[in-house]
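Structure record follows, encoded as structure tokens.
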Amino acid sequence: MSMPPIYSTGLPLYSELELIMKKCFFYLSLSGIGLIIGCHSYSEGIVGKYQSKEHSLITKGYLSIFKNTTFIIGSSLQIKSDSTFYMENCGNIEEGTWSIQHDSLLLYCISNRKRTDSLNKTDSTGQFLDCGDGTPTVFIIDKNVLKQQWKSNGRLILNYFKKIE
């Protein structure tokens, strides 16, 4: 007595192969659709105005005391559709171009000048500062928040921008 193949459907061999191929095609199609839906372009939703994210008093207190953390506040960032940006903080105004790599926003400085206000007295054009060595400023894109952090003199510096427009 001969044993039927383990995966036999009772159909002729070519129909069984056809069935397997249809299943493979179906699962590959589902995978492709999942990739198309899952892989979105960050650049589509990145354009807009951002402002320094306010952290709760509890978060600021805990991180400042126990994690030696400093928060950047009072900054604004405008990401423009022509791939340029304008960033302003308490001391300077930076302008340049931007690009997206994976889940990161990269800001390339073209112009960096001191801000003229009641605390920073300069001439009407502002004193120009060095843009550095060409290394971009990098923010991680987390939905509508841009996150940047680095260490300076043993302190963790957090610079978070929340989208407002």
Side-chain angles (χ1 to χ4, degrees), residues 25 27-165:
F25 179 75
Y27 289 120
L28 286 172
S29 297
L30 281 180
S31 298
I33 291 169
L35 282 173
I36 291 169
I37 291 170
C39 295
H40 63 282
S41 171
Y42 285 106
S43 60
E44 291 173 7
I46 201 76
V47 173
K49 292 183 181 179
Y50 296 79
Q51 196 167 10
S52 292
K53 182 179 184 302
E54 271 298 316
H55 297 275
S56 73
L57 190 56
I58 293 170
T59 299
K60 286 193 279 191
Y62 173 79
L63 290 174
S64 295
I65 294 168
F66 297 108
K67 299 293 184 180
N68 201 22
T69 303
T70 299
F71 300 87
I72 304 294
I73 59 171
S75 299
S76 64
L77 172 65
Q78 184 175 2
I79 304 294
K80 301 176 185 177
S81 60
D82 64 355
S83 295
T84 62
F85 75 89
Y86 177 89
M87 184 165 46
E88 193 172 292
N89 61 36
C90 64
N92 65 325
I93 298 169
E94 187 175 320
E95 295 177 275
T97 60
W98 63 269
S99 68
I100 302 285
Q101 277 189 5
H102 308 290
D103 66 345
S104 299
L105 171 67
L106 284 67
L107 303 180
Y108 297 91
C109 176
I110 294 174
S111 167
N112 187 10
R113 64 185 187 275
K114 285 187 178 178
R115 187 171 161 181
T116 300
D117 60 20
S118 61
L119 296 175
N120 303 297
K121 299 289 187 193
T122 61
D123 61 19
S124 61
T125 60
Q127 180 182 349
F128 283 86
L129 305 169
D130 186 11
C131 275
D133 62 1
T135 303
T137 301
V138 180
F139 288 89
I140 301 299
I141 303 166
D142 185 6
K143 297 179 184 149
N144 66 340
V145 177
L146 304 175
K147 298 179 177 182
Q148 180 191 40
Q149 59 185 34
W150 69 94
K151 285 235 177 202
S152 177
N153 297 323
R155 291 190 69 82
L156 178 63
I157 314 295
L158 298 181
N159 190 16
Y160 288 11
F161 282 106
K162 185 172 184 175
K163 191 170 189 177
I164 57 171
E165 288 183 20

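Position 1 is the first residue of the sequence; numbering continues from there.
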**Fill in**
Nearest heavy-atom approach of Tyr50 to Gly45 is OH-O, 4.1 Å
**Fill in**
What one should report as the nearest heavy-atom pair of Ile79 and Ile46 is CB-O, 3.7 Å
**Item:** With Tyr86 via ring-ring contact (aromatic ring centres under 6.0 Å, His included) - residues at least two apart
**Value:** none
**Request:** Evaluate side-chain contact (heavy atoms from CB on, under 4.5 Å) for Leu156 paired with Leu63, printing each intermediate quantity in order.
**Result:** CA-CA 9 Å; Leu156 178 63; Leu63 290 174; over 6 Å; no
**Message:** Would you say that more than 12 heavy atoms from the other residues, nucleotides or ligands in this model lie under 6.0 Å from the NZ of Lys49, or not?
**Reply:** no
**Request:** Scan for salt bridge (Lys or Arg N to Asp or Glu O under 4.0 Å) pairs involving residues 56-74, sequence neighbours excluded, and state none if there are none.
**Result:** Glu54-Lys60
**Message:** If the condition is side-chain hydrogen bond (donor to acceptor under 3.5 Å, both in side chains), which residues does Thr59 pass it with, not counting sequence neighbours?
**Reply:** Ser56
**Request:** Applying side chain to side chain contact (heavy atoms under 4.5 Å, CB included), name anything that partners Asn144, two or more places apart in sequence or on another chain.
**Result:** Lys162, Lys163
**Request:** Mind checking side-chain hydrogen bond (donor to acceptor under 3.5 Å, both in side chains) for Ser81 and listing every partner two or more places apart, or none if nothing turns up?
**Result:** none
**Request:** List for me each residue that meets side chain to side chain contact (heavy atoms under 4.5 Å, CB included) alongside Ile157, sequence neighbours excluded, and say none if there are none.
**Result:** Thr70, Ile72, Trp150, Ser152, Arg155
**Sequence-distant partners of Phe161, ring-ring contact (aromatic ring centres under 6.0 Å, His included), two or more places apart** = Phe139
**Message:** Set out, in order, the CA-CA distance, both residues' side-chain angles and the distance that settles side-chain contact (heavy atoms from CB on, under 4.5 Å) for Val138 and Leu105, then state yes or no.
**Reply:** CA-CA 6 Å; Val138 180; Leu105 171 67; over 6 Å; no
**Request:** Output all residues satisfying side-chain hydrogen bond (donor to acceptor under 3.5 Å, both in side chains) with Thr84, sequence neighbours left out; order by chain, then residue number.
**Result:** Asp82
**Asked** Looking at CG of Leu146 and OG1 of Thr137, how far apart are the two atoms once the value is rounded to the nearest 0.5 Å?
**Response** 12.0 Å
**Item:** Pairs satisfying salt bridge (Lys or Arg N to Asp or Glu O under 4.0 Å), at least one member in residues 84-94, at least two apart
**Value:** Glu88-Arg115
**Item:** Listed partners of Ser111 passing side chain to side chain contact (heavy atoms under 4.5 Å, CB included), at least two apart
**Value:** Glu95, Arg113, Phe128
**Request:** Could you tell me the separation between the OG1 atom of Thr97 and the NZ atom of Lys80, rounded to the nearest 0.5 Å?
**Result:** 12.0 Å
**Prompt:** Roughly how far, to the nearest 0.5 Å, is CD1 of Ile110 from CZ of Phe85?
**Reply:** 7.5 Å
**Item:** Spacing of Ile73 atom CD1 and Ser52 atom OG [to the nearest 0.5 Å]
**Value:** 7.5 Å
**Fill in**
Closest heavy-atom pair, Ser104 versus Ile140, reported as atoms and distance to 0.1 Å, is OG-CD1, 3.5 Å
**Prompt:** Can you list the residues that meet the side chain to side chain contact (heavy atoms under 4.5 Å, CB included) rule with Leu129, with sequence neighbours excluded?
**Reply:** Asn92, Asn112, Lys114
**Message:** I need the Phe71 CZ to Asn159 CG distance, nearest 0.5 Å.
**Reply:** 11.5 Å
**Item:** side-chain hydrogen bond (donor to acceptor under 3.5 Å, both in side chains) partners of Thr135, counting only residues at least two apart
**Value:** Asp133
**Prompt:** Quick one: NZ on Lys53 to CD1 on Ile164, what's the gap to the nearest 0.5 Å?
**Reply:** 14.0 Å
